[in-house]
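Residue numbering restarts at 1 for every chain, and letters A, B, ... go by the order of the sequence lines. Values below: every heavy atom of this structure, side chains too, minus hydrogens, waters and symmetry copies. Treat the numbers as computed from the prediction; the structure is a model and nothing was measured.
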Number of protein chains: 2
Amino acid sequence: MNTVFKALADPTRRKILELLRERPMSAGELADHFDVTRPTLSAHFAVLREAGLVESAKKGKSVIYHLRLSVLEDALLGFAAGFGIGELSAPAHPQDPEGTKP
Amino acid sequence: MNTVFKALADPTRRKILELLRERPMSAGELADHFDVTRPTLSAHFAVLREAGLVESAKKGKSVIYHLRLSVLEDALLGFAAGFGIGELSAPAHPQDPEGTKP
DNA sequence: TCGACATTTAGCTAATCATCGAAATGTTTT
DNA sequence: AAAACATTTCGATGATTAGCTAAATGTCGA
């Protein structure tokens with residue numbers, strides 16, 4: 001949970017998550033949206049992966065990243081709930097919560 | 001908004017906010033809940049104040065800190081809403097339930 | 001006014017972090 | 001097999017950060 005907030009502390013990483021919200025994207029495709037070098041972005045991916053916020057899958061030459069919405073949701077709402085913020089129905093996860101897919 | 005997430009990245013600062021959620025507290029009273037020195041805590045207060053997450057008021061010998069809940073709420077829910085997390089706002093793109101992307 | 005108390009500022013150190021260029025790894029295509 | 005491509009690892013650098021001790025600032029009560 002600390003790793004999630006640490007990951008969220010960087011604007012580049014938050015933007016990566018926002019891009020991934022639309023659809024899964026390859027590392028190179030993501031890189032086209034930023035001015036930093038690919039090694040730098042790769043390091044950001046590692047932080048996000050470490051926090052459980054994204055998952056990666058090799059696809060040919062590329063590596064496809066996709067968002068793990070449930071992790072973001074749990075961290076954000078879990079923390080907010082402690083403050084009485086977001087007294088709202090948690091939406092059913094549209095995404096696989098944990099590696100339960102074949 | 002970046003300053004808010006940066007402020008939330010530290011566990012000590014998150015705990016300060018949680019303590020302040022119950023009631024306003026003086027710097028010294030807050031300090032009793034942590035193992036770090038008072039100057040260190042004072043620096044954390046400065047970060048939280050800079051982010052707008054707390055406000056301070058001098059009261060005699062003490063300085064009373066109180067939470068600014070609306071700032072926390074705006075940052076958290078504002079960010080979450082962009083992901084369809086948290087409220088009535090439906091997700092822009094319901095996530096692809098895996099596999100339908102060749 | 002003096003001394004005790006609460007907090008902050010100042011100055012420092014060690015650790016962490018974002019970034020880079022170059023090299024390495026792995027995959028596809030010719 | 002070799003060239004081309006995508007991504008990551010390696011090694012280095014400058015910036016930021018959390019932490020400390022010591023000193024400064026400000027406030028109250030005797």
note = So the salt bridge (charged side-chain N to carboxylate O under 4.0 Å, His left out) pairs with at least one residue in residues 51-69 of chain B (sequence neighbours excluded) are B:E55-B:R68

task = Look at the side-chain N and O atoms of B:Y65 and state whether any lies under 4.0 Å from the OP1 or OP2 oxygen of C:dA6.
result = no

key: Expected output: side-chain B:R21 to main-chain A:F83 donor-acceptor under 3.5 Å   = no

ask   = How would you list, by chain and number, every residue that makes a side-chain contact (heavy atoms from CB on, under 4.5 Å) with B:A31, sequence neighbours excluded?
value = B:R38, B:L41

ask   = For the residue pair A:V71 and A:G52, what are the closest heavy atoms and their distance?
value = CG2-O, 3.4 Å

remark   = What one should report as the nearest heavy-atom pair of B:T12 and B:D10 is N-OD1, 2.9 Å

key: Residues which pass side chain to side chain donor-acceptor pair (under 3.5 Å) with B:D74, listed by chain and number, not counting sequence neighbours   = none

Nearest heavy-atom neighbours spanning B:E29 and B:H33 = O-ND1, 3.0 Å

task = Go through residues 6-21 of chain B and report each residue with a non-hydrogen atom lying under 4.0 Å from DNA chain C, sorted by number.
result = none

message = Going by side chain to side chain donor-acceptor pair (under 3.5 Å), name the residues that satisfy it together with A:S56, two or more places apart in sequence or in a different chain.
response = none

request  = Quick one: closest heavy-atom pair of A:A9 and B:N2, and the distance?
outcome  = O-OD1, 3.5 Å

ask   = B:F5 and B:F79: aromatic ring centres closer than 6.0 Å?
value = yes

note = Nt span of DNA chain D in reach of chain B heavy atoms at under 4.0 Å, 5' end first, is D:dT17 to D:dC28

ask   = Of all of residues 41-49 of chain B, which get a heavy atom below 4.0 angstrom from DNA chain D, listed by number?
value = B:H44

note = Hits for salt bridge (Lys or Arg N to Asp or Glu O under 4.0 Å) against A:R13, two or more places apart or cross-chain, chain-then-number order -> none

inquiry  = Test of understanding: with ring-ring contact (aromatic ring centres under 6.0 Å, His included), list the residues that count as partners of A:F45, not counting sequence neighbours.
reply    = A:Y65

remark   = Its contact letters, B for base, S for sugar-phosphate only and - for none at protein heavy atoms under 4.0 Å, make nucleotides 21-29 of chain C read BB---SBS-

query = Would you find more than 12 non-hydrogen atoms of other residues, nucleotides or ligands less than 6.0 Å from B:E50 atom CD?
reply = no

request  = Under the side-chain contact (heavy atoms from CB on, under 4.5 Å) rule, collect the residues that match up with A:A80, sequence neighbours excluded.
outcome  = A:I85, B:L76

message = Is it the case that over 12 heavy atoms from other parts of the model lie below 6.0 angstrom from the CG atom of B:D32?
response = yes

query = If you fit an axis to the five pairs at each end of the helix from C:dT1-D:dA30 to C:dT30-D:dA1, how big is the angle between those two axes, to 10 degrees?
reply = 20°

